[in-house]
Amino acid sequence: MSTGRRKISILDLHKMKQAGEKISWLTAYDYPTAQFAEAAGLEMLLVGDSLGMCVYGYEGTVPVTMDQSIVHTEAVRRGAPTAFVIGDMPFLSYQPSNVDAVKNAGRFLKEAGADAIKLEGGVRVVDRIRAILDAGIVVCGHIGLTPQSSGQLGGHKAQGRTAESARLVIEDALAIENAGAQLLLLEAVPPEVAGFITKRLSIPVLSIGAGMHCDGQLLIVSDLIGQFQAFTPKFVKKYANVAEVVTQAMREYVSDVKAGVFPAEEHCYHMLEGEEEKLAGLIHEYE
Ligand code: KIV
């Protein structure tokens, strides 16, 4: 399905910031969802490590592997040929060394056709960011609430809610821009802090739970369509209730099968013309 849109580049996203045009961003993990997102006009897609929870049913993002991320990114790329697709570096794909970081970031481009990678962390991952940039790869930083290190943060908690904690978020943001990253995601940060960072930085600053002053918004598709049921973060707006629609459709199917009303005539492949008599003969042979 072609939308007639030309491929979105990092320069387009920077121009959108300069023009004050908001950027829409959503996660996607599979081909059909990517097709829907492309048709809906999303500029950016993230194949987030949230796929661990939303697709695989893990409790968190930590178990997600590079191989899983690559398979899902490849599928999303096929479904969304013009969106700006970002692969999310899973836990331990970049933390051990610059070499790991470059090799794994490169896999997203080489094997899955991604446009960029995202990695969690501020000041402490600046070296990794520089190494990945040196390999010619577009980098999106991710600070504030960083789920891969939520253990250190004392759980999935909003960040920057005191002046002292806001300073750390601001320092992380400045370090990421200075390192050369071309995009920044703020997660679960007060709008006052996110607004200041958005004005201060020249790169697009996107929000998931960081309020309305950022250059664009990200949501997790499974939250937006009402598919993920374990919990709903405060920053989520549900636009549909897919869980209800799908469960109801399945209930009706079960009931139709049990009542013998599915399949009906129109769902059957009938014998070709002239073959029915031959079949009768064939059946006779077996009787
Ligand atoms: O994996 C993901 O979807 C993310 C978002 C929570 C920002 O990193």
Side-chain angles (χ1 to χ4, degrees), residues 23-30 33-34 37 42-66 68-73 75-76 80 83-95 104-105 108 112 114-122 125 128-129 139-153 155-160 169 172-173 176 181 183-189 194 197 204-211 214-225 227-228 230-238:
I23 300 168
S24 56
W25 190 13
L26 196 57
T27 67
Y29 314 108
D30 57 44
T33 309
L42 270 297
E43 283 96 13
M44 292 171 67
L45 292 177
L46 171 69
V47 189
D49 60 0
S50 50
L51 73 87
M53 293 141 94
C54 299
V55 176
Y56 288 96
Y58 303 151
E59 269 186 23
T61 58
V62 164
V64 173
T65 66
M66 267 308 295
Q68 286 171 322
S69 301
I70 293 292
V71 167
H72 288 273
T73 306
V76 167
F84 191 83
V85 172
I86 302 190
D88 200 11
M89 302 283 286
F91 184 58
L92 290 194
S93 67
Y94 58 98
Q95 288 91 342
N104 286 318
F108 278 107
D115 298 299
I117 62 91
K118 171 175 90 55
L119 80 177
E120 295 183 9
V125 298
R128 302 289 180 270
I129 292 178
V139 173
C140 176
H142 175 177
I143 57 172
L145 169 53
T146 45
Q148 288 175 16
S149 47
S150 60
Q152 282 184 339
L153 302 174
H156 284 79
K157 292 198 162 69
Q159 302 296 304
V169 178
D172 279 341
I176 285 175
L183 294 162
L184 176 64
L185 174 66
L186 298 178
E187 178 166 355
V189 169
I197 292 172
V205 177
L206 294 117
S207 146
I208 180 160
C214 291
D215 299 309
Q217 297 294 328
L218 168 66
L219 272 183
I220 294 200
V221 67
S222 320
D223 290 331
L224 177 145
I225 64 173
Q227 187 182 45
F228 183 72
F231 59 88
T232 306
K234 179 180 169 65
F235 55 74
V236 167
K237 180 171 173 186
K238 270 194 188 184

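Both counts, for ligands and for their atoms, begin at 1 and track the order of listing. Each residue takes its place number in the sequence, starting with 1. Keep in mind it's a predicted model, so treat the numbers as computed, not measured.
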**Report entry** pair Val64-Phe91: side-chain heavy atoms closer than 4.5 Å
**Finding:** no

Report summary line: A student checking ligand 1 against Asp88 at a 4.0 Å heavy-atom cut-off should list atoms 1 (O), 2 (C), 8 (O)

Query - Heavy-atom nearest neighbour in the protein, as seen from atom 7 (C) of ligand 1, with distance rounded to 0.1 Å - result: Leu185 CD2, 3.4 Å

Query raised in the report: Pick one: which of Leu153, Val62, Thr61 meets side chain to side chain contact (heavy atoms under 4.5 Å, CB included) with Pro147?
Result: Thr61

Query raised in the report: So which heavy atom in the protein is nearest atom 4 (C) of ligand 1, and how far is it from that ligand atom?
Result: Leu46 CD2, 3.8 Å

Report task. Report yes if some N/O of Lys118 lies less than 3.5 Å from some N/O of ligand 1; otherwise report no. Result -> yes

Query raised in the report: Between Met89, Glu187, Met53, which one has a non-hydrogen atom sitting closest to atom 5 (C) of ligand 1?
Result: Glu187

Report summary line: In ligand 1, the atoms that come under 4.0 Å of a heavy atom of Gly48 are 1 (O), 2 (C), 3 (O)

Query raised in the report: Between the side chain of His72 and the main-chain N/O of Tyr29, is any donor-acceptor distance below 3.5 Å?
Result: yes

Query raised in the report: Can you tell if the side chain of Tyr94 reaches within under 4.5 Å of the side chain of Glu120, non-hydrogen atoms only?
Result: yes

Requested in this report: Would you please test Asp49 and Asp88 for side-chain contact (heavy atoms from CB on, under 4.5 Å) and show each step?
Outcome: CA-CA 6 Å; Asp49 60 0; Asp88 200 11; 3.1 Å; yes

Query raised in the report: Which ligand 1 atoms does His142 reach within 4.0 Å, using its non-hydrogen atoms?
Result: 7 (C), 8 (O)

Query raised in the report: So, is Asp49 polar-close to ligand 1, with some N/O to N/O distance under 3.5 Å?
Result: yes

Query raised in the report: If you count the atoms of ligand 1 from 1 in the order shown, which ones are under 4.0 Å from a heavy atom of Thr27?
Result: 3 (O)

Query raised in the report: How many angstroms lie between atom CG of Leu218 and atom CG of Leu26, to the nearest 0.5 angstrom?
Result: 7.0 Å

Query raised in the report: What atoms in ligand 1 come closer than 4.0 Å to a heavy atom of Leu218?
Result: 7 (C)

Query raised in the report: Would you say Leu183 and Met44 make side-chain contact, with heavy atoms under 4.5 Å?
Result: yes

Requested in this report: Determine, stepwise, if the pair Ile86 / Val47 fulfils side-chain contact (heavy atoms from CB on, under 4.5 Å).
Outcome: CA-CA 6 Å; Ile86 302 190; Val47 189; over 6 Å; no

Query raised in the report: Please state which protein non-hydrogen atom is closest to atom 3 (O) of ligand 1 and give its distance, to 0.1 Å?
Result: Ser50 OG, 2.5 Å

